[in-house]
Amino acid sequence: MGTFTCLYCGTVKQQSEASLEHAIPQFLGGEYAPKFFQITNVCTTCNNRLGLWVDASYAKSWFVTNHLADAARLLCTKLDDLGLPLRCIGTVEIPGLNVPSDHVSEYWIGPSRENILWIRPHDDRMNSYAGGNPIDTKKKPSVAYFFPVSESAEKHALGLASFHRAMERRKVRKILCVEARDANGSPLDPTNCGFDAPSPDDVVNRAAIGKAIESGAISARIAVDKKFDLRFMCKLVLGIGYSLFGDDFLARATAFEARKGVWPPRDGQSSTIRGSSTLALSDAPFARVAGYPGAVAIFVMKTGPMWSMCVSIDEKLPFVIELGSSSMASPHIDAGEGYALLLFPYLNSHVELSLAGLLAHKLGVMKNPDLEKIDVIRSAAAQFNVQLSVSS
Ligand SMILES: [Zn+2]
């Protein structure tokens, strides 16, 4: 067995410690990115630890959680779908609600404003993660209360699917908070539609939440970690820089600085990699140019002496970071035209084209056939959205 140098920590490791890694993480649609974004020179330690502390810090931030939910909604065209991601409102305190001392209650809403109250374990270190510590919620018990909308059977079905999808792979008891009835008006057993039988505590909680929702006086708190994206940006530089530019990228100063950004040294010496973080750019009109509706957009372009990368979600939350010297060449990029990868996590698909080609499509100068297909889905989704939002 040979050895390899881990892309993320730079340590020489045994081949047996290598793991398959998506340079673009799965929550951004990386599983469906072009094959060359799959890399094998990442050690299992980095894979596990960076998943929890770096990917999740970004993915579960309030901003990214909700913008990915918005992006999915722009592409959802049918009611019998897998379900849409829920939007996170924040943590709440509700009078009369029974919350164990090491738990918090978190308020979420579904696609037609279904109310969801999730009482889940709290982890101080992940205070800013929507949904809390993702490992804890897989293993430790929690309980989620679901208040469906009843105005139409179709909305009801999509709301249900969305709730069950959001709670899958979690050790969560699911409590339905209306009396379910069949088409003839007879009461239904909630355990027949994926819910658990309520305990006496649940009955008390259900009433307390129902009362709070009715009063309209639920105020939520959002915890924000201002550095939620910094290590993630550096990790993405390593994964994408290596996927696009290969070994030449590893020999450059940017790769070295990005590693320092992913694993900040204890002596406080910070990375000198240049870029603009998400919150610094949050209001920039530039996000509209550097993105695509409903897409996770990754752009790579030459800016003076450097290659730069810009990432945005649904034309929002852009960040920009340098990727390395412009003297590097990539078999995947026409240096004059730049590179654009649009990922559509909700559709399990991607569109890859030049940055010049993308701008031509957006301006209507020259349409890209793959993006035209996405545009058709988007206009169908816009009509569907009206149906979802309007009370019938
Ligand atoms: Zn490593």
Side-chain angles (χ1 to χ4, degrees), residues 6-10 19-34 36-43 46-47 49-61 63-64 67-68 71 225 227-246 249-250 252-264 270-281 287 290-291 295-301 303 306-314 316-324 328 330 332-333 338-343 345 350 352 355:
C6 173
L7 177 65
Y8 294 144
C9 63
S19 64
L20 176 73
E21 163 83 357
H22 296 283
I24 305 162
Q26 298 190 25
F27 72 90
L28 293 179
E31 205 178 336
Y32 301 93
F36 62 86
F37 286 109
Q38 274 180 23
I39 46 185
T40 51
N41 54 339
V42 170
C43 76
C46 279
N47 206 333
R49 290 180 62 191
L50 297 178
L52 183 60
W53 297 104
V54 177
D55 286 359
S57 166
Y58 182 76
K60 297 190 174 294
S61 68
F63 312 99
V64 173
H67 283 299
L68 283 173
D225 172 3
K227 294 182 174 175
F228 74 98
D229 59 343
L230 295 187
R231 291 179 73 189
F232 179 76
M233 287 165 64
C234 290
K235 178 175 176 270
L236 207 58
V237 163
L238 286 168
I240 290 184
Y242 178 68
S243 300
L244 288 174
F245 299 100
F249 167 79
L250 295 177
R252 309 289 178 137
T254 313
F256 179 78
E257 289 302 326
R259 258 179 208 147
K260 264 201 324 203
V262 172
W263 294 108
S270 59
S271 164
T272 60
I273 198 161
R274 278 178 296 267
S276 291
S277 67
T278 310
L279 295 181
L281 286 173
V296 172
I298 299 176
F299 295 171
V300 175
M301 70 220 107
T303 46
M306 301 300 280
W307 284 103
S308 299
M309 172 171 74
C310 174
V311 178
S312 66
I313 299 172
D314 188 25
K316 293 166 199 88
L317 302 180
F319 65 75
V320 180
I321 190 160
E322 66 184 24
L323 210 51
M328 297 187 299
S330 168
H332 307 288
I333 305 180
Y339 178 80
L341 177 65
L342 302 177
L343 298 149
H350 77 266
E352 188 185 34
L355 190 50

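Just so it is clear, the model here is predicted, and its values are computed rather than measured.
Closest approach of G29 to L343, counting heavy atoms only: O-CD2, 3.6 Å. When all heavy atoms of F299 and G291 are compared, the pair lying nearest together is CE1-N, 3.7 Å. Residues L20 and Q38 share a closest heavy-atom pair of CD1-OE1, 4.0 Å. Smallest separation of non-hydrogen atoms from A290 and S312: O-OG, 2.8 Å. Closest approach of V237 to A258, counting heavy atoms only: CG1-CB, 3.9 Å. Closest approach of C43 to C6, counting heavy atoms only: N-SG, 3.4 Å.
Residues L244 and F37 form a side-chain contact, since some pair of their non-hydrogen atoms from C-beta on lies under 4.5 Å apart. Side-chain contact between F232 and P25 is present, with at least one heavy-atom pair separated by less than 4.5 Å. Two residues are said to be in side-chain contact when any heavy atoms from C-beta on lie closer than 4.5 Å; V64 and F228 meet this criterion. Using a 4.5 Å cut-off on side-chain heavy atoms (C-beta onward), F249 and S330 make no contact. S271 places none of its side-chain heavy atoms less than 4.5 Å from the side chain of V262. The closest side-chain heavy-atom distance from L28 to I313 is below 4.5 Å. Contact annotation: the side chain of F27 approaches that of L68 to within less than 4.5 Å [non-hydrogen atoms, C-beta and beyond]. Looking only at side-chain heavy atoms (C-beta outward), D55 and K235 come within less than 4.5 Å of each other.
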Practice task
Run the numbers on S277 and L230 for side chain to side chain contact (heavy atoms under 4.5 Å, CB included), then give the verdict.
Solution key: CA-CA 7 Å; S277 67; L230 295 187; 3.9 Å; yes
Exercise for the section: Please report the C-alpha distance between M233 and I273 in whole Å, then the side-chain angles of each, then the deciding distance to 0.1 Å, and finally whether the side chain to side chain contact (heavy atoms under 4.5 Å, CB included) criterion is met. Expected result: CA-CA 10 Å; M233 287 165 64; I273 198 161; over 6 Å; no
Problem - side chain to side chain contact (heavy atoms under 4.5 Å, CB included) evaluation trace for I39 with Y242 - result: CA-CA 9 Å; I39 46 185; Y242 178 68; 3.7 Å; yes
Practice task
Any chance you could lay out the side chain to side chain contact (heavy atoms under 4.5 Å, CB included) test for Y58 and L236, step after step, and finish with the verdict?
Solution key: CA-CA 11 Å; Y58 182 76; L236 207 58; over 6 Å; no
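For the atom pair L279 CG and K227 NZ, the distance stands at 12.5 Å (nearest 0.5 Å). To the nearest 0.5 Å, atoms OH (Y32) and NE2 (H22) are separated by 9.0 Å. To the nearest 0.5 Å, the span separating OG on S243 from CD1 on I24 amounts to 7.0 Å. The CD atom of E257 sits 11.0 Å away from atom CD1 of I321, with the distance rounded to the nearest 0.5 Å. The CD atom of E21 sits 3.5 Å away from the OH atom of Y8 when rounded to the nearest 0.5 Å. Taking CZ of R259 as the reference point, atom CG of L7 lies at 6.0 Å (rounded to 0.5 Å).
Scored by the ring pair (Phe, Tyr, Trp, His ring centres under 6.0 Å) test, Y339 finds no partners at all (sequence neighbours excluded). Not counting sequence neighbours, the partners of F36 by the ring pair (Phe, Tyr, Trp, His ring centres under 6.0 Å) test are H332.
Side-chain atoms of N47 do not come within 3.5 Å of backbone N or O of S19 as any donor-acceptor pair.
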